[in-house]
Amino acid sequence: MTRIKRGYIARRRRTKIRLFASSFRGAHSRLTRTITQQKIRALVSAHRDRGRKNRDFRRLWITRINAAIHKGGVSHSYSKLIHNMYNRRLLLNRKILAQIAISNRNCLYMILNKINPESLPESLPESLPEALPEALKTPQALLRINRGFFYRTS
């Protein structure tokens with residue numbers, strides 16, 4: 001009998017997996033079994049961290065809105081603000097509210113005045129103090145809040 005040579009399908013599958021893991025270190029980029037394990041692990045981590053990124057950004061936006069509200073002397077809490085916005089059918093998401101709070105605080109106070117006229121103080125100061133530290137203003141400085149302490153994650 002003549003010798004039967006294997007086809008190219010398995011080799012093509014392995015090279016595709018190897019291309020995925022080409023930047024991994026050590027045996028994680030050389031051995032086929034280890035590569036498949038690491039590929040599964042990497043994809044699981046990527047899927048998990050996509051949701052975590054969304055949660056972290058939502059936390060960051062809530063923190064920015066809360067800081068802007070409290071720094072301006074407004075008698076709202078964050079939860080009352082969101083509750084009143086939904087009652088008034090003023091549907092702005094937290095990302096937009098956080099951008100308004102950073103870039104144009106007077107616009108935020110106008111929104112608060114529309115929601116609840118008693119929420120604003122008698123007179124707003126001419127130059128409002130900066131409500132947020134610099135770490136909260138940069139988008140790449142994503143803050144994680146854990147037990148009331150702020151720390152950076154990269």
Side-chain angles (χ1 to χ4, degrees), residues 1-74 76-112 115 127-154:
M1 280 182 88
T2 57
R3 180 174 164 252
I4 297 173
K5 293 180 4 181
R6 291 291 305 260
Y8 60 92
I9 296 173
R11 187 169 57 247
R12 191 170 55 185
R13 177 175 44 87
R14 286 189 204 110
T15 52
K16 200 185 329 181
I17 293 173
R18 280 212 169 93
L19 285 174
F20 179 84
S22 62
S23 63
F24 295 173
R25 291 178 54 149
H28 295 176
S29 67
R30 290 192 196 98
L31 304 179
T32 305
R33 276 191 196 167
T34 319
I35 287 173
T36 54
Q37 290 171 359
Q38 287 305 115
K39 179 182 178 183
I40 292 170
R41 190 169 180 182
L43 293 175
V44 165
S45 296
H47 181 262
R48 180 195 63 225
D49 291 338
R50 275 195 297 272
R52 170 166 247 147
K53 180 183 71 170
N54 294 337
R55 285 194 298 273
D56 287 344
F57 268 112
R58 184 181 167 102
R59 277 177 153 180
L60 177 67
W61 297 328
I62 290 172
T63 306
R64 286 177 173 173
I65 294 166
N66 205 14
I69 290 170
H70 286 297
K71 205 63 161 185
V74 179
H76 263 189
S77 68
Y78 169 78
S79 59
K80 288 180 184 174
L81 166 72
I82 297 297
H83 176 73
N84 289 339
M85 283 179 61
Y86 275 100
N87 284 346
R88 293 285 186 144
R89 309 279 195 282
L90 182 62
L91 301 177
L92 289 172
N93 61 10
R94 287 155 182 83
K95 178 181 179 180
I96 300 299
L97 272 176
Q99 287 177 351
I100 290 172
I102 289 175
S103 63
N104 192 356
R105 200 162 304 121
N106 288 332
C107 181
L108 178 70
Y109 291 133
M110 287 171 56
I111 292 170
L112 291 177
I115 294 171
S127 64
L128 293 169
E130 288 300 313
L132 302 170
E134 286 299 317
L136 285 175
K137 288 184 180 179
T138 57
Q140 62 267 26
L142 177 63
L143 296 178
R144 301 267 327 272
I145 305 166
N146 189 8
R147 297 188 185 103
F149 297 103
F150 295 99
Y151 61 94
R152 251 185 221 202
T153 60
S154 52

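Note that the numbering runs from 1 along the sequence shown for the chain.
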field: Close side-chain approach of Lys5 and Arg3, heavy atoms under 4.5 Å
entry: yes

field: side-chain contact (heavy atoms from CB on, under 4.5 Å) assessment of Arg18 paired with Thr32
entry: CA-CA 8 Å; Arg18 280 212 169 93; Thr32 305; 3.1 Å; yes

- prompt: Can you check whether Ile96's main-chain N or O pairs, donor with acceptor, with Asn93's side chain at less than 3.5 Å?
  reply: yes

task: Could you tell me which non-hydrogen atom of Ala21 sits nearest to which non-hydrogen atom of Ser29, and how far apart they are?
output: O-CB, 3.1 Å

field: Any Lys95 side-chain heavy atom under 4.5 Å of Gln99 side chain
entry: yes

Any side-chain donor near an acceptor of the partner, Tyr78 and Arg94, under 3.5 Å: yes

message: Within this structure, what is the OG-CZ distance for the pair Ser45 and Arg52, rounded to the nearest 0.5 Å?
response: 10.5 Å

Side-chain donor or acceptor of Asn84 paired with backbone N/O of Lys80 under 3.5 Å: yes

message: Within this structure, what is the CG-CG distance for the pair Asn66 and Leu81, rounded to the nearest 0.5 Å?
response: 9.0 Å

statement: Distance col, row His28:NE2 vs Ser23:OG, nearest 0.5 angstrom, shows 12.5 Å

task: Nearest 0.5 Å please: distance from the CG atom of Asp56 over to the CG atom of Asp49.
output: 9.0 Å

field: Spacing of Leu108 atom CG and Ile65 atom CD1 [to the nearest 0.5 Å]
entry: 8.0 Å

- prompt: Got a sec: does the CZ of Arg33 have more than 12 other heavy atoms crowding it under 6.0 Å?
  reply: no

query: With a 4.5 Å limit on heavy-atom distance, are the side chains of Thr15 and Ile17 in contact?
result: no

query: Do the non-hydrogen side-chain atoms of Ile102 and Arg64 ever get within less than 4.5 Å of each other?
result: yes

query: Would you call Met85 and Leu91 a side-chain contact if the rule is heavy atoms closer than 4.5 Å?
result: no

message: Using side-chain heavy atoms (C-beta onward) and a distance below 4.5 Å, is Gln38 in contact with Arg41?
response: yes

task: Check whether any side-chain heavy atom of Phe20 lies under 4.5 Å from a side-chain heavy atom of Leu43, and answer yes or no.
output: yes

field: Ile40 side, atom CD1; Ile35 side, atom CD1 - distance, nearest 0.5 Å
entry: 12.5 Å

